[in-house]
Peer 1: 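Input: one structure, supplied below.
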Amino acid sequence: MLGAVIVVTVPRLACLYGQKGGEFFQKLARQIADLDFAPAAGAMKLLGLALVFSLLGWFYMAAVLVPARQERAALLAISIASVVNVSLNFLLIPAFKEAGAALATLLADLVTCLACYFLAKKSARLLPSGKKLASSLLDCLYVTGSCWNLSVEVDGSKKGEIFVKNRQKALVKR
């Protein structure tokens, strides 16, 4: 998002700078630098988790189903997930705004991932074991939980920071 804002405002900044509009240039540059997306932080955390399911689903679809000539199965999985996404957007956005849209995306990506996983399991035996997959997902959940923990400060304490450092040590020891 910040990248899009920068791309859109660069011509205006250049114009202001070129016209010796130092005060206006400084004000606009400061606004961009201070851009705060705090209201969307929860949605971004959900989308971070959705990315895991999206990438896994994409792998099963592109690397297993398509080479196995199961394009129709892949299309069915994507179609179902699209209906889930659109339906949940209609239900969740009015009540939860950007968090509702992010949750709808997360659930749709989960549907795609699970559908493609089970369809791909029939086509190939070279898939990650359930144990490795569960371990990876658990690690992703730890990271997501860490982000939530860090975003909630209680009396200025650094509880979340300590949690993340301990989890990082545990992951390195693996």
Side-chain angles (χ1 to χ4, degrees), residues 1-7 35-66 70 73-124 126-154 156-174:
M1 183 71 165
L2 184 56
V5 170
I6 291 169
V7 168
L35 210 51
D36 185 357
F37 294 104
M44 294 307 295
K45 291 170 190 170
L46 288 172
L47 290 174
L49 186 58
L51 182 61
V52 173
F53 295 118
S54 177
L55 290 173
L56 284 171
W58 183 27
F59 166 76
Y60 295 129
M61 184 185 332
V64 180
L65 291 177
V66 171
Q70 298 294 317
L75 179 62
L76 178 63
I78 290 174
S79 299
I80 291 169
S82 297
V83 170
V84 166
N85 196 354
V86 170
S87 300
L88 288 175
N89 274 312
F90 277 110
L91 293 171
L92 298 174
I93 288 175
F96 302 106
K97 299 183 180 27
E98 67 274 349
L103 181 59
T105 300
L106 170 64
L107 294 174
D109 285 339
L110 178 62
V111 166
T112 303
C113 180
L114 291 174
C116 289
Y117 173 76
F118 287 113
L119 291 167
K121 201 172 179 179
K122 294 177 183 178
S123 300
L126 301 174
L127 298 176
S129 70
K131 185 177 179 181
K132 287 183 182 179
L133 186 60
S135 174
S136 295
L137 290 176
L138 184 61
D139 287 341
C140 290
L141 290 174
Y142 273 122
V143 171
T144 301
S146 299
C147 291
W148 257 294
N149 200 7
L150 281 173
S151 66
V152 179
E153 281 195 23
V154 180
S157 75
K158 300 288 183 183
K159 243 180 9 178
E161 191 174 308
I162 294 166
F163 173 81
V164 171
K165 286 180 183 175
N166 288 339
R167 183 59 194 149
Q168 286 172 340
K169 289 177 188 174
L171 287 173
V172 170
K173 289 180 183 177
R174 270 190 178 180

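Keep in mind the model is a prediction, meaning the values are calculated, not measured. For the single chain, residues carry numbers from 1 onward in sequence order.
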Peer 1: Between Ala102 and Ala43, which heavy-atom pair has the shortest distance, and what is it?
Peer 2: CB-O, 3.5 Å
Peer 1: Could you tell me the separation between the OG1 atom of Thr112 and the CZ atom of Phe53, rounded to the nearest 0.5 Å?
Peer 2: 11.5 Å
Peer 1: Pairs under 3.5 angstrom only: tabulate donor-acceptor contacts from the side chains of residues 80-97 to other protein residues two or more places apart or in another chain.
Peer 2:
unit_1: Ser82; atom_1: OG; unit_2: Ile78; atom_2: O; d: 2.8
unit_1: Asn85; atom_1: OD1; unit_2: Asn89; atom_2: ND2; d: 2.8
unit_1: Ser87; atom_1: OG; unit_2: Val83; atom_2: O; d: 2.8
unit_1: Asn89; atom_1: ND2; unit_2: Asn85; atom_2: O; d: 3.0

Peer 1: Between Thr105 and Leu46, is there a side-chain heavy-atom distance shorter than 4.5 Å?
Peer 2: no
Peer 1: Quick one: OG on Ser54 to CG on Leu110, what's the gap to the nearest 0.5 Å?
Peer 2: 11.5 Å
Peer 1: What's the verdict on side-chain contact (heavy atoms from CB on, under 4.5 Å) for Val111 and Leu107, showing C-alpha distance, side-chain angles and the deciding distance?
Peer 2: CA-CA 6 Å; Val111 166; Leu107 294 174; 5.6 Å; no
Peer 1: Of all the heavy-atom pairs spanning Ala50 and Asp109, show the shortest one and how long it is.
Peer 2: O-OD2, 3.4 Å
